[in-house]
Each structure stands twice: as C-alpha cells, then as structure tokens.
Amino acid sequence: MKRPAVVLVALAIGAFCAGQFALADEEAVPYPENFRAWSHVKSGVIGPQHANFSSMGGIHHVYANPRAMDGYRTRQFPEGSVIVFEWLEWAEKNGSIEEGPRRQVDVMVKDSQRYASTGGWGFQRFVKDSKTELAASPTPQQCFACHDKLKVDGLVLSKYRE
Ligand code: HEC
C-alpha cells in the first residue's frame with residue numbers, strides 16, 4: 001500500500017477506535033525483553049560538569065542482540081538488529097559510585113520497510129522501568145534527526161571495541 005493510503009486507513013481505524021491513532025500502534029517498537037542478557041557494547045558516564053546533568057547525568061550502557069553484534073563488527077546492520085541504550089541515575093556514597101534508578105530505555109530496531117520514514121530504524125524511548133509507557137519527547141522523528149545529523153557510517157553512532 002502506498003503511504004497516503006496507509007494513512008487514510010489508519011485515520012479511519014483511528015476514528016473508529018474513538019481517539020486511538022492506529023498508525024502509532026502499527027509502527028510501535030516492541031519493548032526489548034531480556035536485553036540485559038544480550039552483548040554489552042559499551043558504557044559511559046555523564047558527570048556533574050555536564051550541562052544537562054540533572055536530566056541525563058549518571059551511567060549508561062549499550063546492549064546489542066546477536067544480529068546487531070554482527071552489525072557492530074561489520075558496520076552493516078542486518079534486518080532484525082536491536083540496540084538498547086539504557087540510562088541509569090547514579091548513586092554516590094563516600095566516593096563510591098553505583099548504578100541508581102533507571103531513567104529510560106532507548107531502543108533502535110532495524111526494519112527497513114516498517115521504519116522507512118526514519119532511515120530504516122525504529123526509535124522508541126520507554127520511561128523508567130515501564131515496558132509500555134512511552135516518552136512523549138523526543139519523538140521517533142526527533143531521535144532520528146539527531147542520529148542522522150551525527151552519523152558517520154550509518155545511524156548507529158556508538159562503536160564496539162573487541
Ligand atoms: C541530541 C542527539 C540525540 C538524540 C535526540 C537521540 N540520540 Fe540516541 N544517541 C546519540 C549519541 C551521540 C549516541 C552514541 C552514544 C555513545 O557512543 O555512547 C546515541 C546512541 C543511541 C543508541 C545506541 C546505538 C547507537 O546509535 O550508538 C540508541 C539505541 C539510541 N541512541 C536511541 C535513541 C532513541 C530511541 C532516541 C529518541 C528517544 C535517541 N536515541 C535520541 C544521540 C542522540
């Protein structure tokens with residue numbers, strides 16, 4: 001189906017379902033169940049000197065499913081690649097820093113057809129520990145815009161170190 005047709009059908013279903021916008025569901029990125037058992041790609045820390053420490057500060061980890069690991073090694077990410085960027089607050093006690101509560105789980109899923117409008121990757125942010133609550137902002141388009149602006153060899157910005 002061509003895109004305008006998809007939108008029209010989605011609008012019709014949306015009106016039928018009294019307020020639910022069906023297209024959003026259709027393109028939804030699924031929660032990455034069990035991602036903490038995947039490969040660990042890298043970690044980083046955003047410290048108190050950072051301008052956005054209050055909203056971003058803490059520890060973050062990147063995880064990749066097996067297909068995405070192939071992508072990290074070849075820089076050609078196959079369909080079905082899933083990458084998770086997990087953001088945690090930090091908890092400091094007597095100079096010792098540990099993982100604090102989870103801020104959010106950012107997910108990228110490679111599906112060139114489904115997410116053609118955002119460079120072949122689906123983007124989604126899940127709030128705190130919720131598997132269903134999605135962040136209102138940034139929107140997937142805003143996620144894509146930043147990754148697209150910063151890209152070097154594709155929309156995946158981080159690198160894997162053997
Ligand atoms: C302001 C720019 C910016 C925005 C907006 C942004 N990202 Fe990123 N994102 C980055 C950068 C830079 C990295 C690489 C971090 C690193 O190397 O540790 C990254 C890394 C990631 C990764 C790990 C894979 C990769 O590309 O390295 C995922 C997954 C991710 N972002 C998802 C999202 C999602 C989902 C959103 C929207 C909710 C989003 N990002 C919004 C800049 C951005």
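Small disclaimer: the values here were computed from a predicted structure and weren't measured. Every heavy atom of this structure was used, including side-chain atoms; hydrogens, water molecules and symmetry mates were not. Read the numbers this way: they start at 1 and go in the same order the structure lists the ligands and their atoms.
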Under the salt bridge (charged side-chain N to carboxylate O under 4.0 Å, His left out) rule, collect the residues that match up with R125, sequence neighbours excluded.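 Partners of R125 under the salt bridge (charged side-chain N to carboxylate O under 4.0 Å, His left out) test: D106.
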Keeping H40 on the side-chain end and K42 on the backbone end, is there a donor-acceptor pair under 3.5 Å?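 Such a contact is found between H40 side chain and K42 backbone.
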With a 3.5 Å distance limit and no angle check, can you tell me whether K128 reaches the backbone of R102 through a side-chain donor-acceptor pair?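 Checking the backbone N and O of R102 against the side chain of K128, no donor-acceptor pair under 3.5 Å is found.
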Determine the interplanar angle of the W87 and H60 rings, folded into 0 to 90°, and report it as parallel if under 30°, tilted if 30 to 60°, perpendicular if over 60°. tilted
Is it the case that the side chains of Q142 and S137 hold a donor-acceptor pair, with the cut-off being a distance below 3.5 Å and no angle test?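 Distance-only check fails for S137 and Q142.
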Of the options F35, W38, W121, which is the one that meets I83 in a side-chain contact (heavy atoms from CB on, under 4.5 Å)?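 Considering F35, W38, W121, a side-chain contact (heavy atoms from CB on, under 4.5 Å) with I83 is found only for W121.
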For ligand 1, output the ligand-protein N/O contacts shorter than 3.5 angstrom; if there are none, return none.
| unit_1 | atom_1 | unit_2 | atom_2 | d |
| --- | --- | --- | --- | --- |
| ligand 1 | 7 (N) | H147 | NE2 | 3.0 |
| ligand 1 | 9 (N) | H147 | NE2 | 2.9 |
| ligand 1 | 17 (O) | K42 | NZ | 3.0 |
| ligand 1 | 18 (O) | K42 | NZ | 2.9 |
| ligand 1 | 26 (O) | L157 | N | 2.8 |
| ligand 1 | 27 (O) | L157 | N | 3.2 |
| ligand 1 | 27 (O) | S158 | N | 2.6 |
| ligand 1 | 27 (O) | S158 | OG | 2.6 |
| ligand 1 | 31 (N) | H147 | NE2 | 2.9 |
| ligand 1 | 40 (N) | H147 | NE2 | 3.1 |

